[in-house]
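Note on naming: letters A, B, ... go to the chains in the order of the sequence lines (proteins, then strands), and numbering restarts at 1 for each one.
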Amino acid sequence: MDWIYIAQLRKHVGEDVEVRGWLRRKRSSGKIHFLSLRDGTGFVQGIVEKSSVPEELFNIAKKLKMESSIIVRGTVKREERAPGGVELLVKDIEVISIPNKEFPINKPDHGIDFLMDHRHLWLRTQRQFHILRVRHEIIKSIREFYNERGFVLVDTPIFTGSIGESAGNLFELDYFDYGKAYLAQTGQLYLEAACMALGKVYNLGPTFRAEKSKTRRHLIEFWMNEAEVAYYQHEDNIKLQEELVSYVVRKILENAEDHLRALKRDTKRLEKIVPPFPRITYTDAIKLLQKKGFSTSWGDDIGGDEETAIAEEFDKPVVVEKYPRKMKAFYMQPDPENPDVVLCDDMLAPEGYGEIIGASERIWQKEVLVERIKEFGLDLDTYDWYLDLREFGTVPHSGFGMGVERVVAWICGLEHVREAIPFARTLYRIHP
RNA sequence: UCCAGCGUGGCUCAAUCGGCAGAGCGUCCGGCUGUUAACCGGAUGGUUGGGGGUUCGAGUCCCUCCGCUGGAGCCA
């Protein structure tokens, strides 16, 4: 008898198969047991009828508890009433293990503190299964997007020196007797180096921010995809971002629509995500906010509520570009038409999911960069290799970073990014 | 770090003005041949987050500590 994964059962109607998995729930009548089974690929119901199986098998089924690990053998039967279209008429159950304790997650309305404490078991529930499958598809499609376009994967280091956007938010650790090392909060500077060697490059990996942020959009450890392209300027950069985001959404609709439906995501809203995306300058965004009753003025940050207010004007992600120079990082290229703003953009996801991309054209002239480093009060010496990139064969280049969990949260319609990653590191929570 | 809220059986919550600590779910036992958060009957289950105080009497009021949640700042 062949071992078949539940996701493939529809191709085996009428056959006797073996399913290796777990019992996620059991409902019983006096003479029939309904075994809700999962095996990591999907869910199926096993039927054990007293009148058609040996008494011993019926009694084994009776003793099974939630999250018993079992190998079930039986006949695949088409069944219109079943959610997946098929059921398993059980002929044999091989018990691997029956827990002694009751499974703690046994109803739909546990509190978030309890669930996070039991994340290692929470992962087994249907909702988390669907979310993590979508996350997998999203990451897969991000890689596909770049690979199809001739980008080269460049893995940037996680241990770094102190350079980056802002040294205050870095996790610090001892690097033997060498001094301090820091966990990367971006791989951008390394990608800038790599794009001068390989043209079009990207990375995808974990980043760390030592910010005491406690909101639905923040994790301490989160995954970021960054891209950097030599000779790309502001417009090329925005176009690449639009293509990436719409590609990912399209691929998820193609490959993971079942999961989105199971998560009760309104996929109609995702079907609208095709380029071009609406654009607004920072300056116009401030005017829009003022018209909507915010007291924000030019030079102020655009906070969470303001982001949501801007995003709700559009049914696609909106590109907010050309922020004031003083608000943004030192390496961003000033706009030749208005040196008070820089050639950067943030992409805000619809439905209040906030910033999913931060991007800019980078300063490529050495003198300008040196000037900006000084202006920001940064230590020129720590930027020695970064300045080298402007010494040897410097060219205009641009790039961006996309927060994977925020994209997952948006596409899945989650209320909080902590469900968008297998084991979330949030403020003060590192176990399990 | 700051602001706000919450902490009561395994879980989610209730408890009137300060006056006998309760319900639903889970679990266990019994019943039921089509259940999808099954249903019906019964049983089990408590140092009300810790410490201190006020009071004849505190889950409830006060102080303090701890934990959690959301938000601000900052960011993807």
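- Residue R209(A) places none of its side-chain N or O atoms closer than 4.0 Å to OP1 or OP2 of C74(B).
- The residue S36(A) sits apart from the nucleic acid: no heavy atom pair falls under 4.0 Å.
- Using cut-offs of 30° and 60° for the angle between ring planes, the F114(A) and H110(A) rings count as parallel.
- Under 4.0 angstrom from either OP1 or OP2 of U35(B) there lies no side-chain N or O belonging to R25(A).
- Aromatic ring pairs are classed by plane angle as parallel below 30°, tilted from 30° to 60° and perpendicular above 60°; the pair Y323(A) and Y282(A) is tilted.
- Closest-nucleotide positions on RNA chain B for R406(A) and K26(A) were compared, and the one nearer the 5' end corresponds to K26(A).
- The base-pairing partner of G19(B), taking Watson-Crick or G-U wobble contacts with both distances under 3.5 Å, is C56(B).
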Can I get a per-line list of side-chain donor-acceptor pairs under 3.5 Å for residues 46-56 of chain A, giving both atom names and the distance, sequence neighbours left out?
{"from": "E49(A)", "atom 1": "OE1", "to": "S52(A)", "atom 2": "OG", "distance (Å)": "3.2"}

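- With no hydrogens or angles considered, a side-chain donor-acceptor pair links Y202(A) and N147(A) at under 3.5 Å.
- A distance cut-off of 5.5 Å between ring centres, combined with a plane angle under 30°, leaves F34(A) outside any stacking arrangement with the base of G34(B).
- Of the residues in residues 287-312 of chain A, those lying under 4.0 Å from RNA chain B by heavy-atom distance are D301(A), E307(A).
- For the 3.5 Å distance criterion, the side chains of Q126(A) and R38(A) fail to qualify, holding no donor opposite an acceptor.
- One side chain, S297(A) or D300(A), offers a donor N or O that lies under 3.5 Å from an acceptor on the other.
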Taking only N/O atoms, report every protein-nucleotides 1-11 of chain B pair under 3.5 Å with atom names and distance.
{"from": "U1(B)", "atom 1": "OP1", "to": "K212(A)", "atom 2": "NZ", "distance (Å)": "3.1"}
{"from": "U1(B)", "atom 1": "O4", "to": "K212(A)", "atom 2": "O", "distance (Å)": "3.1"}
{"from": "C11(B)", "atom 1": "O2'", "to": "H110(A)", "atom 2": "ND1", "distance (Å)": "2.6"}
{"from": "C11(B)", "atom 1": "O2", "to": "K107(A)", "atom 2": "NZ", "distance (Å)": "2.8"}

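- The side chain of T215(A) approaches G71(B) more closely than any other nucleotide in the set G34(B), G71(B), A76(B).
- Applying the 3.5 Å distance criterion, the base of U33(B) shares a donor-acceptor pair with the side chain of S51(A).
- With a 3.5 Å ceiling on both atom-pair distances, the Watson-Crick or G-U wobble partner of G7(B) is C66(B).
- When each of V201(A), L389(A), V229(A) is paired with C195(A), the side-chain contact (heavy atoms from CB on, under 4.5 Å) condition holds for V201(A) and for no other.
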